[in-house]
Amino acid sequence: VSSISGVKGKSVTVTGALGNVGTMEVSQVSASGAMEGSGITAELKYSLASGSLNIGENIQAQLVISAADTAATGEYQYDITTSWTANLEQKSRVQRIKVTVLEAKAKMNVTVLSNREADGSPAKSNIVASVRPGEGVSQVVRITNDGNKPITGFSAETREKLPWISMTTN
């Protein structure tokens with residue numbers, strides 16, 4: 001992974017591996033990371049009790065990036081330094097990951113369906129209906145949040161306050 005995107009106020013978990021792709025066993029394996037910037041933290045999780053990796057052996061690793069609500073949007077850098085000993089020689093490698101913090105935004109999507117939602121009626125952008133005395137007409141309006149932040153304080157009402165129009169929500 002060379003880049004990760006996350007949203008202010010949330011965490012992102014990326015799963016990867018520490019692996020030995022060499023031709024000999026490696027020992028004293030360790031990995032640690034450093035994150036730049038304030039309001040954003042990172043935790044590298046892995047378990048390697050023996051401290052060694054055999055040829056071709058891999059272990060699972062997880063990187064958890066958390067951005068506080070107060071974190072500035074933009075790009076940050078996280079460096080993972082992996083160290084090991086092979087053939088009595090200490091080696092290391094740095095993996096740089098670009099972390100992009102995005103602003104959390106609610107994005108309301110409103111769809112008006114002609115009749116019942118299940119009948120496959122084409123979507124419309126507004127409600128237009130005519131009704132005869134004694135008949136009824138139902139319209140379904142689906143409101144979804146296509147954003148990454150909850151919609152709060154939502155309310156709905158009809159534009160005209162006509163006594164024969166009623167609205168229900170679920």
Side-chain angles (χ1 to χ4, degrees), residues 1-19 21 31-47 58-82 93-170:
V1 174
S2 61
S3 66
I4 298 171
S5 291
V7 178
K8 288 171 64 166
K10 298 197 178 200
S11 295
V12 175
T13 300
V14 179
T15 301
L18 291 174
V21 295
S32 61
M35 181 60 135
E36 67 168 19
S38 62
I40 183 164
T41 60
E43 180 183 8
L44 182 61
K45 301 176 187 178
Y46 67 95
S47 178
N58 294 298
I59 60 159
Q60 183 174 326
Q62 286 188 328
L63 175 60
V64 180
I65 306 274
S66 301
D69 290 332
T70 57
T73 58
E75 291 183 359
Y76 297 84
Q77 183 175 296
Y78 182 71
D79 290 333
I80 299 173
T81 303
T82 306
R93 176 181 184 271
V94 175
Q95 169 79 37
R96 182 160 286 160
I97 299 173
K98 179 176 82 170
V99 177
T100 304
V101 176
L102 305 169
E103 184 71 41
K105 293 182 182 177
K107 182 179 178 188
M108 186 167 47
N109 183 16
V110 178
T111 305
V112 179
L113 299 165
S114 296
N115 293 315
R116 291 176 299 129
E117 186 175 41
D119 75 358
S121 301
K124 304 185 301 181
S125 61
N126 58 10
I127 296 175
V128 177
S130 60
V131 63
R132 293 187 176 126
E135 293 181 345
V137 174
S138 294
Q139 298 284 324
V140 175
V141 179
R142 182 187 308 138
I143 300 171
T144 57
N145 182 3
D146 294 338
N148 51 25
K149 180 180 180 181
I151 295 173
T152 58
F154 177 79
S155 66
E157 60 184 46
T158 60
R159 195 171 16 190
E160 294 85 14
K161 305 284 187 214
L162 302 173
W164 59 85
I165 296 177
S166 64
M167 184 179 325
T168 60
T169 60
N170 64 4

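Source: prediction; values computed, not measured.
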At what distance, to the nearest 0.5 angstrom, does [atom1] of [X] lie from [atom2] of [Y]?
{"X": "K98", "Y": "S5", "atom1": "NZ", "atom2": "OG", "value": "7.5 Å"}
{"X": "T41", "Y": "Y78", "atom1": "OG1", "atom2": "OH", "value": "10.0 Å"}
{"X": "L18", "Y": "L44", "atom1": "CG", "atom2": "CG", "value": "7.0 Å"}
{"X": "R93", "Y": "Q95", "atom1": "CZ", "atom2": "CD", "value": "4.5 Å"}
{"X": "I80", "Y": "M35", "atom1": "CD1", "atom2": "CE", "value": "10.0 Å"}
{"X": "I40", "Y": "K8", "atom1": "CD1", "atom2": "NZ", "value": "11.5 Å"}

* **Contact check, side chains of Y76 and I65, non-hydrogen atoms, under 4.5 Å** => no

* Asked: Are any non-hydrogen side-chain atoms of V7 and K149 less than 4.5 angstrom apart?
  -> no

* Single hit among V101, V99, I4 for side chain to side chain contact (heavy atoms under 4.5 Å, CB included) with V12 ->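 Checked V101, V99, I4 against V12; only one passes side chain to side chain contact (heavy atoms under 4.5 Å, CB included): I4.
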
Minimum heavy-atom distance between [X] and [Y], given as atom pair plus value:
{"X": "G39", "Y": "A71", "value": "O-CB, 3.4 Å"}
{"X": "N145", "Y": "K107", "value": "OD1-N, 3.2 Å"}
{"X": "V64", "Y": "T13", "value": "CG2-OG1, 3.7 Å"}
{"X": "A106", "Y": "I151", "value": "CB-CG1, 3.8 Å"}
{"X": "Q60", "Y": "T15", "value": "NE2-CG2, 3.5 Å"}
{"X": "G19", "Y": "N58", "value": "CA-OD1, 3.0 Å"}

* Return the set of residues passing salt bridge (charged side-chain N to carboxylate O under 4.0 Å, His left out) with E43 (not counting sequence neighbours), or none when no residue passes. => none

* Is a salt bridge present between D79 and R96, judged by a nitrogen-to-oxygen distance below 4.0 Å? ->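 Result for this pair is yes, salt bridge flagged.
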
